[in-house]
Amino acid sequence: MAETITIARGQTEIRVERPKLHKVILLNDDYTPRSFVVRILKAEFRLGESRASQVMKTAHQRGACVVAVFTKDVAEAKCTSAIDAARKEGFPLMFTTEPEE
Ligand code: TYC
């Protein structure tokens, strides 16, 4: 994904790196209610009801699920915001980020 775009301007070649995307990953735990996980996915990541439900179930069954990909800053900000929202309600829900290959 670290593809380089070349823009030719007369004799000058400008090389622009595409920003690397980062995955936001939802982690399972034994305490957060399923309905709360779905609510967070909808509110913080703008997922629709059925996609939020699908992501929650996959994390519940497999231990983790990719929620979406963003630029590094956006992925980290959304992750922090989602974790904060869960802590405010007293749930241990966790999200992590990792660079896409
Ligand atoms: N495992 C939780 C339960 O049984 C629900 C849950 C699903 C929690 C996905 C976190 O990422 C998660 N209440």
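Start at 1 and go down the list; that is how both ligands and their atoms are numbered.
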> Is a salt bridge present between E100 and K20, judged by a nitrogen-to-oxygen distance below 4.0 Å?
Replying inline: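 The answer is no: the pair does not qualify as a salt bridge.
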> Hey, looking at atom 11 (O) of ligand 1, which of V37, L41, L27 has the closest heavy atom?
Replying inline: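 Nearest option to atom 11 (O) of ligand 1, by heavy atoms: L27.
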Out of all atoms in ligand 1, which are within 4.0 Å of some heavy atom of [X]? Include the element for each.
| X | answer |
| --- | --- |
| L26 | 11 (O) |
| A59 | 9 (C), 11 (O) |
| M56 | 7 (C), 9 (C) |
| L93 | 10 (C), 11 (O) |

>> Membership question, hydrophobic clusters at under 4.5 Å side-chain separation (ILVMFWY): are L47 and L21 in the same one?
In response: no
>> Quick check on the hydrophobic clustering: are V24 and V74 connected, directly or via other members, by side-chain heavy-atom contacts under 4.5 Å?
In response: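 Looking at the clustering, V74 is in the same group as V24.
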>> Could you check, using the six-membered ring where one of them is a Trp, whether Y31 and F91 have ring centers closer than 6.0 angstrom?
In response: no
> Does a side chain donor of either D29 or T32 reach within less than 3.5 Å of an acceptor in the other side chain?
Replying inline: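 Yes - a donor-acceptor pair under 3.5 Å links their side chains.
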Which residue and non-hydrogen atom of the protein lie closest to [atom], and at what distance in Å?
| atom | result |
| --- | --- |
| atom 5 (C) of ligand 1 | T32 O, 3.3 Å |
| atom 4 (O) of ligand 1 | H60 CE1, 3.1 Å |
| atom 6 (C) of ligand 1 | N28 OD1, 3.4 Å |

> Counting N and O atoms only, with roles assigned by atom type, does the side chain of R87 sit under 3.5 Å from a partner on the main chain of L93, one being a donor and the other an acceptor?
Replying inline: yes
> Considering distance alone, does some N or O of D29 sit under 3.5 Å from an N or O of ligand 1?
Replying inline: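 Yes - when backbone and side-chain N and O of D29 are compared with those of ligand 1, one distance drops under 3.5 Å.
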> Where do A86 and I40 come nearest, in terms of heavy atoms and distance?
Replying inline: N-CD1, 4.3 Å
